[in-house]
Colleague: 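Starting off with a structure, shown below.
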Amino acid sequence: MKNLLFTLLLIAACQWSMAQEYRVYKAPTFREEWSKPSDYPDRVILNFGEDPSSQANVTWRTDTSIEKAFAEIAVADGAPKFWRNAQTMEAKTELLDATAVEVANVKAHFHSVSFRDLKPGTIYAYRVGDGESWTEWIQFSTASNDKESPFAFLYVGDTQNYILELWSRLIREGYRKAPDAKFIIHAGDLVNVAHRETEWHEWFTAGGFIHSMVPSVVTPGNHEYRSISELDGEGADRRLSVQWKPQFTLPENGPENITALDETVYYMDYQNTRIIVLNSNVLQAEQIPWLEKVLSENPQKWTIVTYHHPLFSASEGRENTRLREAWKPLFDKYQVDLALQGHDHSYARGRVSPEDNVLDGVNARDKTGTVYVVSVSGGKMYGLKKNAWNDYEAERDRAAENTQLFQVINIEGDKLSFESYTAIGELYDAFDLEKQADGTNKFIERKSEAVEEKRFSNTIPYEDPLPENLKTILLSNYPGHEITRVSARREGEILHFNVRLEKDGERKEISIDEEGNISE
């Protein structure tokens with residue numbers, strides 16, 4: 001009897017200890033009013049036009065009481081009254097009425113101004129407002145008319161989850177590491193739920209002044225597409241985020257007469273580099289004629305493409321075979337240098353061989369065709385593909401799990417330098433491309449300069465840990481199953497664990513509390 005009493009007391013003590021010491025994450029909540037517009041400009045964002053040496057666009061938001069808005073722009077100067085030379089321009093105003101969309105529930109005016117005939121290689125200052133209320137003066141620089149002048153830019157993969165909580169530190173560290181970056185490429189999935197207003201507000205708040213100073217080059221991911229059943233009925237087709245077109249002002253040089261691709265497929269020429277933005281979500285084949293034209297008529301030394309779904313997947317079970325078959329032949333034919341991708345919530349960097357390994361003093365194995373990169377900047381993480389890229393005609397050179405990353409790309413004449421960094425500024429990956437006379441690239445591997453590769457096994461656990469006694473109970477009740485996901489929550493003083501079990505390709509989602517009670 002004493003032994004039984006002792007055992008019961010020990011179990012009770014362990015359960016009390018577990019409840020007291022187990023750390024359950026307290027996610028922030030955002031009140032709906034937090035994301036509502038006011039009469040003061042917010043969500044100020046800069047985008048380049050087709051020619052970044054002379055074109056830039058600014059977009060901002062107010063409530064609908066502001067019916068007329070303006071932007072002022074001047075060449076910046078060290079003297080504080082540079083504004084004496086400013087030009088005032090009336091904005092185009094667009095109504096977004098998404099009050100009928102449940103997750104949006106917003107009505108706002110978006111204002112935009114396209115600055116044209118700017119001077120190359122010049123620092124400008126601008127401000128936006130209604131003529132009485134104005135933002136601060138915000139500075140940016142145009143591209144140089146010297147094509148070989150060095151420049152850098154940032155590239156980030158999926159933001160999507162924990163945007164204000166975790167992406168904010170990543171993008172701010174990116175800005176700290178590369179304060180002179182000329183623009184930022186966002187490779188899709190900026191938010192998790194396409195039309196959710198609070199998530200877009202998180203994205204703009206996390207980036208803060210960076211969005212208004214460093215132009216964004218954005219492409220939509222699959223999470224920027226979602227059906228709106230309350231407007232279109234159940235089973236309706238997915239549609240682009242209702243916020244996308246009002247809040248960005250992007251080049252309108254994509255495929256003609258395909259409205260669904262407007263401001264999601266476009267290109268810009270930044271000095272000696274052509275940046276091509278593709279939409280991997282819809283009408284993939286319809287983009288091919290336009291893509292071939294833009295590639296075949298490309299006068300620039302470097303060619304970089306960006307889109308969301310990887311041609312070579314980083315994570316398990318996320319094949320994009322049809323997309324690879326559609327686009328890769330053009331990348332090969334026109335010697336695309338770099339493909340910047342997202343979607344897989346892990347990191348992978350690899351390359352394909354050039355079509356023609358002509359020896360001209362450079363060893364054939366040191367040459368490369370397109371370098372493909374998949375990266376993730378937000379806090380949602382997936383596992384890597386188990387056999388790397390062994391079943392592709394490509395070689396994966398570097399990979400990571402469970403790590404937030406941003407990339408800095410520097411281009412100077414015949415050299416492109418790529419560096420990937422963690423959210424705390426550690427160098428994680430690096431390589432150089434040197435352009436050869438025949439248009440191929442000499443590949444210089446630099447990953448030896450970086451920290452060790454990161455995996456779920458050697459980083460802070462991503463999944464919540466399941467106590468061993470509960471693991472034993474579960475596996476005895478579900479023999480042959482594997483625990484693949486655990487999420488802890490607290491209800492009052494009791495800990496509960498949502499657990500995913502898998503066996504022979506089948507999944508079960510169950511819940512178990514700290515006392516061992518199971519519910520499916």
Colleague: To the nearest 0.5 Å, tell me how far D117 CG sits from D51 CG.
Modeller: 10.0 Å
Colleague: Run the ring-ring contact (aromatic ring centres under 6.0 Å, His included) test against Y334 and tell me which residues pass, sequence neighbours left out.
Modeller: none
Colleague: Using the rule given for side-chain contact (heavy atoms from CB on, under 4.5 Å), can you reason through D42 versus F204, listing the C-alpha separation, both sets of side-chain angles and the distance that settles it, and then say yes or no?
Modeller: CA-CA 9 Å; D42 70 357; F204 278 96; over 6 Å; no
Colleague: What residues form a ring-ring contact (aromatic ring centres under 6.0 Å, His included) with H496, not counting sequence neighbours?
Modeller: none
Colleague: With the threshold set at 4.0 Å, does a side-chain nitrogen-carboxylate oxygen contact exist between K177 and E419?
Modeller: no
Colleague: Using side-chain heavy atoms (C-beta onward) and a distance below 4.5 Å, is S375 in contact with V156?
Modeller: no
Colleague: Are any of the side-chain heavy atoms of E297 and K293 separated by less than 4.5 Å?
Modeller: yes
Colleague: Check R43, H195, E197 against Q243 for a side chain to side chain donor-acceptor pair (under 3.5 Å) and give me the one that passes.
Modeller: E197
Colleague: Does F151 CZ have over 12 foreign heavy atoms under 6.0 Å away?
Modeller: yes
Colleague: Hey, do the aromatic rings of Y421 and Y428 have their centres closer than 6.0 Å?
Modeller: no
Colleague: Is D158 salt-bridged to K380, cutoff N-O under 4.0 Å?
Modeller: no
Colleague: Do V75 and F82 have side-chain heavy atoms sitting under 4.5 Å apart?
Modeller: no
Colleague: Check Q404 against S377 and note the closest heavy-atom contact, atom names and distance.
Modeller: NE2-O, 2.8 Å
Colleague: Mind running side-chain contact (heavy atoms from CB on, under 4.5 Å) on W327 and S280 for me, showing each step along the way?
Modeller: CA-CA 10 Å; W327 289 357; S280 60; 4.1 Å; yes
Colleague: Once you round to the nearest 0.5 Å, how far does CD1 of I210 lie from CG of L154?
Modeller: 8.5 Å
Colleague: Is any side-chain heavy atom of Y382 less than 4.5 Å from a side-chain heavy atom of R318?
Modeller: yes
Colleague: Looking at E509, I want to see if its CD is surrounded by more than 12 non-hydrogen atoms of other residues, nucleotides or ligands under 6.0 Å.
Modeller: yes
Colleague: Determine, stepwise, if the pair D232 / R239 fulfils salt bridge (Lys or Arg N to Asp or Glu O under 4.0 Å).
Modeller: CA-CA 10 Å; D232 304 328; R239 61 157 82 180; 2.9 Å; yes
Colleague: Between CG of N298 and CZ of R274, what distance do you get to the nearest 0.5 Å?
Modeller: 4.5 Å
Colleague: How would you list, by chain and number, every residue that makes a ring-ring contact (aromatic ring centres under 6.0 Å, His included) with Y225, sequence neighbours excluded?
Modeller: none
Colleague: Answer yes when E173 and R176 have at least one side-chain N-carboxylate O distance shorter than 4.0 Å, and no when they do not.
Modeller: yes
Colleague: Give the intermediate values and the outcome of side chain to side chain donor-acceptor pair (under 3.5 Å) for residues Q300 and N272.
Modeller: CA-CA 5 Å; Q300 310 306 336; N272 65 353; over 6 Å; no
Colleague: According to the side-chain hydrogen bond (donor to acceptor under 3.5 Å, both in side chains) rule, which pairs have a member within residues 124-138, sequence neighbours left out?
Modeller: E72-R127
Colleague: I304 pairs by side chain to side chain contact (heavy atoms under 4.5 Å, CB included) with which of I411, I276, V217?
Modeller: I411
Colleague: Determine, stepwise, if the pair T99 / D97 fulfils side chain to side chain donor-acceptor pair (under 3.5 Å).
Modeller: CA-CA 6 Å; T99 50; D97 186 352; 2.7 Å; yes
Colleague: Is a salt bridge present between K454 and E401, judged by a nitrogen-to-oxygen distance below 4.0 Å?
Modeller: no
Colleague: Taking side chain as C-beta onward, heavy atoms only, is H211 less than 4.5 Å from S216?
Modeller: yes
Colleague: For the residue pair Y175 and F209, is the inter-centroid distance of their aromatic rings smaller than 6.0 Å?
Modeller: yes
Colleague: Is the shortest distance from a Lys or Arg side-chain nitrogen in E449 or K447 to a carboxylate oxygen in the other one below 4.0 Å?
Modeller: no
Colleague: Please work out which of the three classes, parallel, tilted or perpendicular, describes the rings of W244 and W200, given edges at 30° and 60°.
Modeller: perpendicular
Colleague: Kindly check if the number of other-residue, nucleotide or ligand heavy atoms within 6.0 Å of CG (L95) is above 12?
Modeller: yes
Colleague: Check this for me: E230, atom CD, are more than 12 non-hydrogen atoms of other residues, nucleotides or ligands nearer than 6.0 Å?
Modeller: yes
Colleague: Would you name the heavy atoms of F70 and G131 that are closest together and state the gap between them?
Modeller: CD1-N, 4.0 Å
Colleague: Which residue pairs pass the side-chain hydrogen bond (donor to acceptor under 3.5 Å, both in side chains) test with at least one member in residues 253-263, sequence neighbours excluded?
Modeller: E50-N253
Colleague: Might you work through the side chain to side chain donor-acceptor pair (under 3.5 Å) test for T59 and T249, ending with a clear yes or no?
Modeller: CA-CA 7 Å; T59 311; T249 304; 2.6 Å; yes
Colleague: With a 4.5 Å limit on heavy-atom distance, are the side chains of I228 and V242 in contact?
Modeller: yes
Colleague: Measuring from L433:CG to L338:CG, what's the distance to the nearest 0.5 Å?
Modeller: 7.0 Å
Colleague: Would V374 and Y347 count as a side-chain contact (heavy atoms from CB on, under 4.5 Å) here? Give the steps.
Modeller: CA-CA 5 Å; V374 181; Y347 181 83; over 6 Å; no
Colleague: Not counting sequence neighbours, which residues clear side-chain contact (heavy atoms from CB on, under 4.5 Å) with K26? List them please.
Modeller: none
Colleague: Compare all side-chain heavy atoms of L295 with those of V336 and state whether any distance is below 4.5 angstrom.
Modeller: yes
Colleague: Give the intermediate values and the outcome of side chain to side chain donor-acceptor pair (under 3.5 Å) for residues R226 and N192.
Modeller: CA-CA 10 Å; R226 192 180 181 93; N192 187 46; over 6 Å; no
Colleague: Could you tell me the separation between the OH atom of Y25 and the CG atom of D464, rounded to the nearest 0.5 Å?
Modeller: 12.0 Å
Colleague: Taking the inter-plane angle between the rings of W34 and F30 on a 0 to 90° scale, is it parallel (under 30°), tilted (30 to 60°) or perpendicular (over 60°)?
Modeller: parallel
Colleague: Any idea which heavy atoms bring F48 and K182 closest together, and the distance?
Modeller: CE1-O, 3.5 Å
Colleague: Side chains of I73 and L118, heavy atoms from C-beta outward: is any pair under 4.5 Å?
Modeller: yes
Colleague: In sequence, state the C-alpha distance, the side-chain angles, and the governing distance for D189 and T159, and then conclude on side-chain contact (heavy atoms from CB on, under 4.5 Å).
Modeller: CA-CA 6 Å; D189 280 5; T159 306; over 6 Å; no
Colleague: For the pair Y22 and F497, name the ring-plane relationship: parallel under 30°, tilted 30 to 60°, perpendicular over 60°.
Modeller: perpendicular
Colleague: Give me the one residue out of H343, H223, H186 that meets ring pair (Phe, Tyr, Trp, His ring centres under 6.0 Å) with H308.
Modeller: H343
Colleague: At their closest point, which heavy atom of A187 faces which heavy atom of Y155, and how far apart are they?
Modeller: CB-CE1, 4.0 Å
Colleague: Give me the atom names and distance for the closest heavy-atom approach of N320 to S313.
Modeller: ND2-OG, 3.7 Å
Colleague: Taking only Lys NZ, Arg NE, NH1 and NH2, and the carboxylate oxygens of Asp or Glu, determine whether D63 and K36 approach each other closer than 4.0 Å.
Modeller: no
Colleague: Please give me the minimum heavy-atom distance between L311 and Q341, naming the atom from each residue.
Modeller: N-OE1, 2.9 Å
